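First the structure, in the form of structure tokens, and then the observations on it.
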Amino acid sequence: MRRTIALLAALFVVPAGAQAASPRAIQVASGIQDGKLTYVLKGQQVLIQGARPFAGDGFVTATVTSHGRQVVARAKLRGKVGAVGGVKLHFTARRTGTYRIAIRVFKDADPQHLVAGKVIAVHSVDPNVHAGAHGLGVRLLQRGLRSLAYVAPLNSSFDAATGRAVLAFRKVNNMARTMSADHSVLSKLFRRQGGFTLRYPKAGKHVEFDWARQVLVFAEGGQPVRIYHASSGKPSTPTVFGTFHFYSKTPGTNAKGMVDSNYFIRGYAVHGYAEVPPYAASHGCIRVPIPDAASIFAWIQIGDPIFIYR
């Protein structure tokens, strides 16, 4: 088989007694969604999986084609009984272009008893994204970041806000603290990986500051909803650790250059500031970029808890 053709045909046999499933329950479980289209990274392993089991000795076939070619032979799926609807396959998108996955559901062992079918299209891309870039590649980068709660615009332009979101992503994933959206960043995003795991998922609406990674995280419903690049106290003027509640808020800019300040203990606050380097550099407060300060100020309410930890 030529390496340039990433094609796969798979036969799925399901345990007796299971209920029939619609092919609509079979979806692409990797890649980045943009509207109704799913995009994957060239060279990426694409995962297709189902959400329901199938009836009796029924089965489903899935054939993947690219550039008008397909593999004739079938490969039998092997795995645990009952695993994610009993339907799971993967293939590698070795070329750019469109891959079509044809799904067919049969009600029993007779291949003449076709009950439903669908075609899923996956588009393989090889984007080159960098500061100042525009277009689909940047839009997919932004979509991927936003899907994991990083605060990024959706304007198809690699602007300063996109750079800050990339920096926050790199901090969370212990990468070099730059704004470069290189292949390592894209690879994680297209695999839907790289999100933030809350330390206090049962705390309701709250704020977390991860000192080690220098990121500010807003949470609701046990999930991160916003992740920001931030900078806390330098070693000589460290940030306090512990659990606090916001007790005062002052809009605008004060004499110290603090913008839209949210105080959580004494003079310590989350606030906008002109200089927010990728490392701890403040006098003890948690600095955020000024363009993010207004939305942060609007989200935080008096009484909201903040957890600051190493």
Side-chain angles (χ1 to χ4, degrees), residues 1-10 26-50 61-75 77 84 87-103 118-148 150 152-159 162-163 165-170 172-176 178-195:
M1 182 186 307
R2 295 176 56 186
R3 291 178 59 84
T4 56
I5 306 174
L7 306 167
L8 175 68
I26 303 170
Q27 304 291 340
V28 182
S30 56
I32 293 175
Q33 197 78 18
D34 185 38
K36 295 183 179 181
L37 303 179
T38 301
Y39 293 87
V40 298
L41 198 62
K42 177 185 174 183
Q44 176 185 353
Q45 187 176 87
V46 183
L47 174 64
I48 311 293
Q49 64 183 22
T61 63
T63 303
V64 182
T65 62
S66 173
H67 298 85
R69 302 186 182 186
Q70 69 180 38
V71 171
V72 176
R74 290 176 176 177
L77 179 72
V84 192
V87 180
K88 191 173 184 179
L89 72 90
H90 57 79
F91 66 95
T92 300
R94 301 190 185 280
R95 301 174 61 179
T96 58
T98 300
Y99 290 78
R100 287 184 169 81
I101 303 96
I103 306 290
K118 70 179 293 188
V119 175
I120 302 172
V122 174
H123 307 278
S124 173
V125 294
D126 187 18
N128 177 20
V129 294
H130 53 83
H134 305 274
L136 177 63
V138 178
R139 184 177 180 85
L140 294 177
L141 168 68
Q142 293 171 335
R143 285 279 194 195
L145 290 166
R146 289 164 63 96
S147 72
L148 296 175
Y150 295 95
L154 192 59
N155 57 12
S156 302
S157 297
F158 199 124
D159 52 14
T162 302
V166 170
L167 176 56
F169 178 90
R170 296 181 71 98
V172 168
N173 289 278
N174 298 309
M175 298 176 167
T178 71
M179 295 185 179
S180 171
D182 59 16
H183 188 272
S184 63
V185 170
L186 294 174
S187 180
K188 279 184 173 294
L189 288 174
F190 275 89
R191 295 199 307 272
R192 303 181 185 179
Q193 298 175 356

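As the structure is a prediction and not an experimental result, all values here were calculated from the model.
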Note to self: Nearest 0.5 angstrom please: Asp182 CG to Met175 CE, how far?
What the structure shows: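 It is 7.0 Å, given to the nearest 0.5 Å.
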Next item on the list: Report yes or no: do Thr65 and Arg69 form a side-chain donor-acceptor pair below 3.5 Å?
Entry: no
I'd like to know if the side chain of [X] reaches the main chain of [Y], judged simply by a donor and an acceptor atom lying under 3.5 Å from each other, with no hydrogens or angles considered.
X      : Y      : answer
Thr178 : Ser180 : yes
Arg100 : Ala121 : no
Arg143 : Ile32  : no
Gln44  : Phe190 : yes

Notebook entry, point to check: Does Ile48 reach the side chain of His90, with side-chain heavy atoms less than 4.5 Å apart?
Noted result: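 No, every pair of side-chain atoms sits at 4.5 Å or beyond.
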Item checked: Side-chain touch Leu141/Pro127, heavy atoms, less than 4.5 angstrom ->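 Contact flag for Leu141/Pro127 side chains = no.
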Heavy atoms only: give me the nearest [X]-[Y] pair and the separation to one decimal.
X      : Y      : value
Leu41  : His183 : CD2-NE2, 3.7 Å
Gly31  : Arg192 : O-NE, 2.7 Å
Phe158 : Ala181 : CE1-CB, 3.8 Å
Leu47  : Ser30  : N-OG, 3.0 Å

Notebook entry, point to check: Got a salt bridge between Asp126 and Arg95, using NZ or NE/NH1/NH2 to carboxylate O under 4.0 Å?
Noted result: no
Checklist line | Identified side chain to side chain donor-acceptor pair (under 3.5 Å) partner of Asp34 from the options Gln142, Arg139, His123 | finding: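 Looking at Gln142, Arg139, His123, the match for Asp34 under the side chain to side chain donor-acceptor pair (under 3.5 Å) is Arg139.
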Margin query: Is the distance between the ring centroids of Tyr99 and Phe91 under 6.0 Å?
Written below: yes
